[in-house]
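Reading through the structure tokens given below for one structure.
All chains are named by letter (A, B, ...) in the order of the sequence lines, taking the proteins before the strands, and each is independently numbered beginning at 1.
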Protein chains: 2
Amino acid sequence: MKILPEKTIERLSQYRRTLNNFYADHNSNRIFSHELAALLNITAVQVRRDIMFIGYSSSQRKGYNVQELIQVISQIIDTHEPINVAVVGYGNLGKAITTYFVGNRPKLNLVAAFDIDPKKIGQETHNIKCYSIDRLREILVAKDITIAILTVPTHAAKDMAKILVQTGIKGILNYTTVNLHIPPEIYLEEYDMITSLEKVAYFVKNKNQ
Amino acid sequence: MKILPEKTIERLSQYRRTLNNFYADHNSNRIFSHELAALLNITAVQVRRDIMFIGYSSSQRKGYNVQELIQVISQIIDTHEPINVAVVGYGNLGKAITTYFVGNRPKLNLVAAFDIDPKKIGQETHNIKCYSIDRLREILVAKDITIAILTVPTHAAKDMAKILVQTGIKGILNYTTVNLHIPPEIYLEEYDMITSLEKVAYFVKNKNQ
DNA sequence: GTAATATTGTTATAAAAATAACAATTCCTC
DNA sequence: GAGGAATTGTTATTTTTATAACAATATTAC
Ligand SMILES: NC(=O)c1ccc[n+]([C@@H]2O[C@H](COP(=O)([O-])OP(=O)(O)OC[C@H]3O[C@@H](n4cnc5c(N)ncnc54)[C@H](O)[C@@H]3O)[C@@H](O)[C@H]2O)c1
Ligand SMILES: NC(=O)c1ccc[n+]([C@@H]2O[C@H](COP(=O)([O-])OP(=O)(O)OC[C@H]3O[C@@H](n4cnc5c(N)ncnc54)[C@H](O)[C@@H]3O)[C@@H](O)[C@H]2O)c1
């Protein structure tokens, strides 16, 4: 299948989460585009267009089959084999993420954490161990880890990204407040909380214009 | 000034952060559009266009004055009076955020945290106290808090949003994996880590297409 | 002092994303 | 079973965002 737009991929992830909740709550196997849209604060057309993109269709006038839709979305955004993920930097944020992710997605396994601090190394949360950063390459290979979530301190981010690239990582989700420069074949997603908060502040301030 | 595009606001926040770092590192007061762009992995035109939007200009051929540019950006994205922010839900993520924010932005003050758990109430990090959620309205008013960062468990998110709306909050930054439904005059920004990670996984998988 | 070069500022164009419009279909009511 | 209503699927349009093109200007090299 042709590669899908970024925004569609983001929404597909949200659709799946919402559909799972919907199924659990309503025990209904049918959902209309406007129902799904309302749950996500978007328009029904948007939903239908995304669903068109992924090539799924319902019999008209009946709404979508919830289970089927979940499956079709999963076929697109999940991989066949589970993807293994590591947290690099087991501090406040790294630990929060580790706790949070455990068991969250069947095909996205958080399988290791790394830190440089001897006090952190050896710690364990829900069977996820924190390893010494010195063992990064060894463990990445051994556990077939392809994605890293970067939560080291700002000053260490650049070097750590370099090392991750050298070990052959395929994707990085960067939560440090440093913009990384890595080869284009490695997928990089960056998120900055302060930027989000400043955005909220700006639009709160300027909402009546 | 006319309201600026969302993406420009996001980039302005990033520009300011990058400019501050640049100034500290290089002790230079001049930066070219292509330098700033390279630091952020974007194009020089994008930078120049954003700077045009905010009405700042350098004398041609000399690059931008770093300090001035920081100031102009600050005038736009900062408020005159500092904005006060609260974290609602003092768990793993809420605590991480609290620790992280302290002193980070001069005009964005994280001034309180809230929780329902008696064990959390009364805890203090860097002078930020965790209050009982029962005192939400009282403290929001007393401390003039206008923005809330929501980090309660999923099941409590909906109700908490309702309460925040009732107390007259102006903006919410929602980190729970629940899409909120609040009146349009309240600015809402939502971010879901799982969606980001699933996006990375998808584009890692489909990078060669 | 002139030509070449580098850089900005701005307009023009393209690409991406969202919304609107509407035909086709199914279901419901009578 | 005719007519109306609701819903999907798709094309058309608009809006937003990013990129390209390029004139204007300052700087540098000679
Ligand atoms: N805490 C938050 O809510 C938050 C929010 C936004 C961004 N961030 C960013 O996330 C990053 C981490 O924040 P935090 O609050 O968790 O900080 P933290 O200091 O609690 O954690 C950082 C961890 O990284 C470890 N570390 C240091 N150097 C390392 C290296 N070379 N290799 C491996 N591990 C190393 C430290 O030992 C520590 O455990 C920072 O860059 C911060 O800017 C944090
Ligand atoms: N931890 C992460 O890295 C992470 C990442 C993405 C999203 N999230 C989301 O953030 C939220 C919090 O995650 P967490 O890992 O910090 O969970 P957590 O359980 O550690 O923290 C939640 C806190 O909220 C408090 N709380 C419960 N009900 C409350 C109420 N009615 N009012 C006020 N406080 C209340 C709890 O006492 C607890 O301290 C969840 O919705 C989760 O989905 C967390």
Side-chain angles (χ1 to χ4, degrees), chain A residues 1-15 19 22 28-66 68-69 72-73 179 184 189-190 195 199 202-203 206 209, chain B residues 1-15 19 22 28-66 68-69 72-73 179 184 189-190 195 199 202-203 206 209:
Chain A
M1 180 185 280
K2 215 181 138 308
I3 209 159
L4 295 166
E6 271 201 37
K7 297 288 177 185
T8 296
I9 294 299
E10 287 180 15
R11 281 190 300 266
L12 288 178
S13 164
Q14 302 265 309
Y15 294 160
L19 289 168
F22 182 86
S28 155
N29 217 12
R30 294 261 145 215
I31 193 167
F32 293 127
S33 60
H34 65 260
E35 290 178 311
L36 184 50
L39 289 168
L40 286 153
N41 289 322
I42 61 176
T43 65
V45 190
Q46 184 84 86
V47 170
R48 294 206 299 276
R49 220 158 174 290
D50 286 333
I51 291 175
M52 188 190 84
F53 270 138
I54 65 178
Y56 178 70
S57 70
S58 77
S59 85
Q60 240 160 0
R61 190 56 220 279
K62 273 194 172 164
Y64 301 96
N65 182 305
V66 177
E68 273 179 30
L69 192 45
V72 175
I73 293 174
N179 294 92
E189 174 86 9
E190 308 196 297
T195 292
K199 191 177 161 191
Y202 175 83
F203 285 105
N206 297 288
Q209 284 172 42
Chain B
M1 179 184 284
K2 215 180 139 312
I3 208 158
L4 294 166
E6 271 200 38
K7 297 289 177 184
T8 296
I9 293 300
E10 288 179 15
R11 282 190 299 265
L12 288 178
S13 163
Q14 302 265 310
Y15 294 160
L19 290 167
F22 182 86
S28 156
N29 217 11
R30 294 259 146 217
I31 192 167
F32 294 126
S33 60
H34 65 260
E35 290 178 312
L36 184 50
L39 289 169
L40 286 153
N41 288 323
I42 60 176
T43 66
V45 190
Q46 184 84 84
V47 170
R48 294 205 299 275
R49 217 156 176 288
D50 286 333
I51 290 175
M52 189 190 85
F53 270 137
I54 66 179
Y56 177 70
S57 69
S58 77
S59 84
Q60 240 160 0
R61 188 57 217 277
K62 272 195 175 165
Y64 301 97
N65 182 304
V66 176
E68 273 179 30
L69 191 46
V72 175
I73 293 174
N179 293 92
E189 174 87 8
E190 307 197 297
T195 291
K199 192 176 160 192
Y202 176 83
F203 284 105
N206 298 287
Q209 283 172 42

Checklist entry - Checking side chain to side chain contact (heavy atoms under 4.5 Å, CB included) for the pair A/I9/B/F203: CA distance, chi angles, key distance, verdict? => result CA-CA 9 Å; A/I9 294 299; B/F203 284 105; 4.1 Å; yes
Whole-Å distance between [N] [atom2] and [X] [atom1]?
| X | N | atom1 | atom2 | answer |
| --- | --- | --- | --- | --- |
| A/F53 | D/dT10 | CZ | C1' | 11 Å |
| A/N41 | C/dA18 | CG | C1' | 16 Å |
| A/R61 | D/dT7 | CZ | P | 6 Å |
| A/I9 | C/dA18 | CD1 | P | 13 Å |
| B/H34 | C/dG9 | NE2 | P | 14 Å |
| B/F32 | D/dA26 | CZ | P | 15 Å |
| B/D50 | D/dT17 | CG | C1' | 10 Å |
| A/K7 | C/dA18 | NZ | P | 6 Å |

Checklist outcome for this item: Only one of B/L39, B/L40, B/L69 passes side chain to side chain contact (heavy atoms under 4.5 Å, CB included) with B/Y15, and that residue is B/L40
Next on the checklist: Among D/dT7, C/dT8, C/dA17, which nucleotide has an atom closest to any side-chain atom of B/S58?
Outcome noted: C/dT8
Item to check | Nearest to side-chain heavy atoms of B/T43, which nucleotide of D/dT7, D/dA18, D/dT19 | outcome: D/dT19
Next on the checklist: Between D/dT10 and A/R48, counting only base atoms on the nucleotide and side-chain atoms on the residue, is there a donor-acceptor pair under 3.5 Å?
Outcome noted: no
Checklist entry - Taking for each residue the nucleotide of DNA chain C bearing the nearest heavy atom, is the 5' side occupied by B/I51 or by A/E6? => result B/I51
Item to check | Contact nearer the 5' end of DNA chain C, comparing B/M52 with A/V45 | outcome: B/M52
Are any of [X]'s side-chain N or O atoms less than 4.0 Å away from OP1 or OP2 of [N]?
| X | N | value |
| --- | --- | --- |
| B/S33 | C/dT7 | no |
| B/K62 | C/dT8 | no |
| A/R49 | C/dA20 | no |
| A/Q46 | C/dA17 | no |

Checklist outcome for this item: Quick note, side-chain hydrogen bond (donor to acceptor under 3.5 Å, both in side chains) partners involving residues 31-47 of chain B, not counting sequence neighbours, are B/S33-B/R48
Checklist entry - With side chains defined as the heavy atoms from C-beta onward, is the minimum distance between B/I42 and B/V47 less than 4.5 Å? => result yes
Item to check | Side-chain donor or acceptor of B/Y202 paired with backbone N/O of A/L4 under 3.5 Å | outcome: yes
Checklist entry - Which part of the nucleic acid, if any, lies within reach of A/R30 when heavy atoms closer than 4.0 Å are counted: base, sugar-phosphate only, or nothing? => result nothing
